[in-house]
Protein chains: 2
Amino acid sequence: MVTLAEVARHAGVSASTVSYVLSGKRSISAATRERVESSVRKLGYHPNAGARALASSRSNIIALMVPLRTDMYVPVMMEIAMAVATAARTHGYDILLLTGEEGAEAVRRIEGSALADAMIVMDVELDDERLPLLRAANRPAVLIGLPSETAGLNCVDLDFAAAGAVCAEHLAGLGHREIAVIGEAAAVYERHTGFAERTLTGLRERSAELGLRLLHRPCEGSYASVSATLSRVFDERPGTTAFVVQNEAATDPLLALLRQSGRAVPEDVSVVAVCPEQVAAHASVPLTSVAVPAQEMGRRAVEQVIAKIEGRGSDEEVVLLAPELTVRESAAQAPAET
Amino acid sequence: MVTLAEVARHAGVSASTVSYVLSGKRSISAATRERVESSVRKLGYHPNAGARALASSRSNIIALMVPLRTDMYVPVMMEIAMAVATAARTHGYDILLLTGEEGAEAVRRIEGSALADAMIVMDVELDDERLPLLRAANRPAVLIGLPSETAGLNCVDLDFAAAGAVCAEHLAGLGHREIAVIGEAAAVYERHTGFAERTLTGLRERSAELGLRLLHRPCEGSYASVSATLSRVFDERPGTTAFVVQNEAATDPLLALLRQSGRAVPEDVSVVAVCPEQVAAHASVPLTSVAVPAQEMGRRAVEQVIAKIEGRGSDEEVVLLAPELTVRESAAQAPAET
DNA sequence: TAAGTCTGTCGAAGCGCTTCGACACGGTGG
DNA sequence: CCACCGTGTCGAAGCGCTTCGACAGACTTA
């Protein structure tokens, strides 16, 4: 392995000079800088990460806690994770992948060992066990998600309440009056992951203002579950003319089962989804939807956390991204009442 | 931050003794060990990762290169990644997440900086640009996937050729004679990611032996693409009674479109898939399938790479997992010829 | 009883880097 | 002409750990 000392010798300068060339923390004459840089290139020098971390107490690593699901791996999680990794690299940081499995212990471990300079935490519950530790930690942290108490925390998330409101408005504008919400699995609500509840709140409030009738049903992503849910919905509310789906896995079954039951989308029933663009665009009927902006969420989280590492940026900053509804083919004017 | 020295002082021993207690590399009397361990617990000591890496030239980090897809995030990739992370933790290792984006440069960077002790590389192409570097690197590497030349490499993968063969056998056993293969997107074949081609090879060879007629068509995961592909298949081979699908995204559209075109699964046409269990089990018709054992692939890769880090385990070891076909509801006896 | 062997512990060196203070040197201003 | 300043470079200390060799003491073995 090539070391700093070898580069220094090769360039005919001292080790500290090489270090300053690399970090730019002191001014170096153009001539010297070029000599050093050429030596670095010629020798193929890469600074030793451990030594650098030890000396500077900076690892240039950001820990990312992603949820561990044994049931289903939700593509949007992966999209966010990859966006985080990509964004981090452009700022010279690497990502340490932690599974949710370790829970709060992981926070302690990372902080104690100085393995990472900061943490990004996905899939936060409203009252997450990790929050007290993150608040107390002397390392920056950013949540992707929104717990109930945000004091002393940095968060990035889609404004799901606004997303719910936008869906209600869009359907109201098309003349729909009875709307059913096909939600995430019941387990998601029980875990109190905020996003599902916030969407619902947004939907409920705006619906009330607009005079819509709303029926909400949690639902698994399986055909059986969607089928059962649909039957119950039409039993209870035969006048239902529109659906809002917030469940990546349920969108396809929903469209398929509506078609099978003789209801055309969007002629007989309209569907609006809250899901990633990919899912919406590739559905059997391209879905009018509010996108979950995974890329941007990842990018913003990284930028925020790096700002904090570098001493810029404030603690306690909540970024809620404005929802954007994209009109595709699954929602249309409500059928005339007969 | 608590340091080794503080623990040593607290326990009334020297720093090296604490170190040996922690690493177990020299024998320590039970009394001393307990005193040290209790101090460690009392003070909440976590060894500094940078210092440890510097002194021991071991970071206890394994780098994982996952493909960066801008189009679609394939769940199976995430499942493998999470399995790798989980398995690594049980052995005391952390995972550094690298996107494929950096390509071969990432290999150089990791090696040069000693950031990770080893690498696990996913999504390898038959003649991947990273292979020469991995072979030459003085760090262990394990591929999840199978390139065309495996000399000097460690690989873990499903035996896709055998998987193809198993599919052919199963359908032949049910009396099918004309089979269509709905494959991955053409781009996948063009990139020469081996798994798709190997499945096809297995299918072709076994089909030839069993006297089956085989038609292969690459296919995107969209409804439009599957629909077009289906029409062409039935145009060319009206006698087709069975499909083999290897494309996570295409399974749902395939089932939906077959149904729409008036062909019942499995009464009129049979479908066998090569895909993760989740996808197969949750399809609208539960799919008879050969599973892609993501969990096991991740686990095996980690075990193999750690064995190499620790000096056990051989270079050049190719583990091909035997395929297992699970019978569900999508494949049945071929309809009697009319 | 002397020599040899373990066992458990310690001190010190050193891993490769960053960073602080020192300082040489040429240019300015009084 | 001297004191002064800014610029560019260097030497040395030290980050927190691992690991090697040394060694004291208890225990065998001849």
Scan nucleotides 24-27 of chain D against the protein and return all N/O pairs shorter than 3.5 Å with their distances rounded to 0.1 Å.
none

S39(A) side chain vs R35(A) backbone, donor-acceptor pair below 3.5 Å | yes
Note: R89(A)-E101(B) ion pair, threshold 4.0 Å (strictly below) | no
Are any non-hydrogen side-chain atoms of I120(A) and I144(A) less than 4.5 angstrom apart?
-> yes
Segment of DNA chain C, first to last nucleotide, that comes within the 4.0 Å heavy-atom reach of chain B | dG8(C) to dG16(C)
Salt-bridge present (R299(A), E303(A); N to O < 4.0 Å) = yes
Indicate yes or no: does E111(B) engage R108(B) in a salt bridge with an N to O separation below 4.0 Å.
-> no
Looking at M77(A), M297(A), M65(A), which hits side-chain contact (heavy atoms from CB on, under 4.5 Å) with M122(A)?
-> M77(A)
At under 4.0 Å between heavy atoms, what does S19(A) touch on the DNA or RNA strands: base, sugar-phosphate, or nothing?
-> base
Near-strand residues of residues 36-53 of chain B, defined as heavy-atom separation under 4.0 angstrom from DNA chain C = none
For DNA chain C, determine which residues of residues 23-33 of chain B have any heavy atom closer than 4.0 angstrom to one of its atoms, and list them numerically.
-> R26(B), S27(B), I28(B), S29(B), T32(B)
Classify the nucleic acid contact of S16(B) as base, sugar-phosphate or nothing, counting any heavy atom under 4.0 Å across all strands shown.
-> base
Report which part of the nucleic acid T3(B) touches: base, sugar-phosphate, or nothing (heavy-atom distance under 4.0 Å, all strands).
-> sugar-phosphate
From the list D128(B), D123(B), D127(B), salt bridge (charged side-chain N to carboxylate O under 4.0 Å, His left out) with R191(B) holds only for D123(B)
Closest-nucleotide ordering on DNA chain D, the 5'-leading residue of T17(A) and L54(A) | T17(A)
Distance, nearest 0.5 Å, that separates CG of L153(B) from CD of E316(B) | 7.5 Å
Between S19(B) and S16(B), does any side-chain donor sit less than 3.5 Å from a side-chain acceptor?
-> no
Is the backbone of S59(B) close enough, under 3.5 Å, to the side chain of D117(B) for a donor and an acceptor to pair up by distance?
-> yes
Taking for A55(B) and for V18(B) the nucleotide of DNA chain C with the nearest heavy atom, the one nearer the 5' end belongs to V18(B)
Evaluate the side-chain contact (heavy atoms from CB on, under 4.5 Å) criterion for residues L143(A) and L134(A): first the C-alpha distance (whole Å), next the side-chain angles of each, then the deciding distance (0.1 Å), finally the verdict.
-> CA-CA 10 Å; L143(A) 313 182; L134(A) 291 173; 3.8 Å; yes
Polar side-chain atom of N154(A) near backbone of A301(A) as donor-acceptor pair, under 3.5 Å | no
Please list, chain by chain and in numerical order, all residues satisfying ring pair (Phe, Tyr, Trp, His ring centres under 6.0 Å) with F195(A), sequence neighbours excluded.
-> F160(A)
DNA chain C-proximal residues of residues 107-119 of chain B, any heavy atom under 4.0 Å = none
Is there a donor-acceptor contact under 3.5 Å from the side chain of R135(B) to the main chain of A151(B)?
-> yes
Expected output: side-chain S113(B) to main-chain A49(A) donor-acceptor under 3.5 Å = no
